[in-house]
Amino acid sequence: MREETLCRLCPRSCGALRLPDKAGGFCASPMTMKIARAAVHFGEEPCLCGSRGSGAIFFTGCNLRCVFCQNHEISRSACGSEVSVPGLREIILRLEDEGVHNIDLVTPTHFLPLIAEALSGMHLQIPVVWNSSGYESAEQLRQLEGLIQIYMPDYKYADADLAAGLSFAPDYPQAALSAIREMFRQTGPFVMDENGLLRSGVLIRHLILPGHIENTLRVIDSLEDDLPYKDILFSLLAQYTPIEALIPSLKHYPELCRRVSEEEYQRVMDYLNFSPIEEGYVQELSSAGEEAIPIFDGTGVVK
Ligand code: SF4
C-alpha cells in the first residue's frame, strides 16, 4: 500500500485507502467522481444566478456529513453516476455553451485532485465557483490556485462543541478559518462586473440553525475579528428546513426539528445590522422549504 493512496484531503485526515473502485474514509467515497446532477441552477445568490443561472455540478458524498444535512440525498447516499476527468470537462463545456454565468462545483472537497486535473488547461470564459462546506485543508486548496475564481465556503460553526455535536468535527472553526484565509489569499477582494455578477473573490455562507443563535452571533463576530470582512461577501441563510427523512435521526437534537423562529431571526438581524459587515445578502425567513432543494436524478451527467 503506497502512502500517496491514503487520503488526507480534508482536515479529518482519515488516512483511508480510496481507490477508483473502493470507497473509504469518513466521506465513504471512492477516488472516482460521482455526480448527481449537472444543470442550470437558480438557487444561488443573485450575483451568481444573474439572468441565466449557474451551471451547478452536484458531487455525491461529503466529508462533513452534518446531522441536519439539507442535501442528505447526495451527501450520504451512493446516488449519482461515475464521471471521469474528461467526462467532467465535457460537462463543464456543455454548461458553458448553454450560457450560464459560472460553473458552480457543489461539495467538491473530497474530489479535489481530480477536479484540479479537469480544470487544468481549460480556457473558460466564465468563472469557476468552489461551493464547499468550509471544512477543508488550506494546504490541499493550494492545488486550486489559478483554477478557481470564486470561493463560496460555508462558515457553519464558530462553536467547537456544536461542530463536534452536529458534524463530528470539533476542529471545524479553526479549519474553516484557515481554509477561508487561503481562499482569500488566492482571489483577493471580491470583484463584481458592471451587471452585478461576481467575477472573483470569496463569498461566505452561514445557515442559521434553530436553537443555536449564539453560534451565528459568534460567526458574525469572527468575520469581523478574524477575516478581511470589507473585502469578502457574506450571505446569511435562513432557509433551514427539518428534512422529513432525517427527523428520526434528530432525536438527540429536538431543536433541529423546527424552523428558525421569527424571534431568532430578528435577533440575528439586529446583531448583523449593528456589526460593520455590509457587503452581501440576507435571506428572508420565508425562504425555508424542501421545494428549494434540487432533484438529484442524474440530469445532465455524462457517463
Ligand atoms: S476526503 Fe474523505 S477520506 Fe479523505 S480525509 Fe477527508 S473524510 Fe477522510
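One is the number of the first residue; the rest follow in order along the sequence. Every number for a ligand or one of its atoms is a count from 1 in the order of the listing. No hydrogens, no waters, no symmetry mates; every other heavy atom, side chains included, goes into these values.
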Heavy-atom contacts with G25 under 4.0 Å: which atoms of ligand 1 show up? List them by number with element.
-> 3 (S)
Is any N, O or S atom of C10 under 2.8 Å away from atom 6 (Fe) of ligand 1?
-> yes
Is any side-chain heavy atom of Q149 less than 4.5 Å from a side-chain heavy atom of T187?
-> no
Under a 4.5 Å cut-off applied to non-hydrogen side-chain atoms, are K34 and S29 in contact?
-> no
Is R37 positioned over the aromatic face of F58, cation under 6.0 angstrom from the ring centre and no more than 45 degrees off axis?
-> no
Looking at atom 2 (Fe) of ligand 1, is one of the N, O or S atoms of C27 less than 2.8 Å from it?
-> yes
Protein residue, atom and distance nearest to atom 8 (Fe) of ligand 1, heavy-atom basis | C14 SG, 2.3 Å
Which ligand 1 atoms are under 4.0 Å away from a heavy-atom of S13?
-> 5 (S)
Partner of C27 under side chain to side chain contact (heavy atoms under 4.5 Å, CB included), chosen from N63, L64, T109 | N63
More than 12 foreign heavy atoms under 6.0 Å from CD of E139: is that the case here?
-> no
N/O/S from C7 sitting under 2.8 Å away from atom 4 (Fe) of ligand 1 | yes
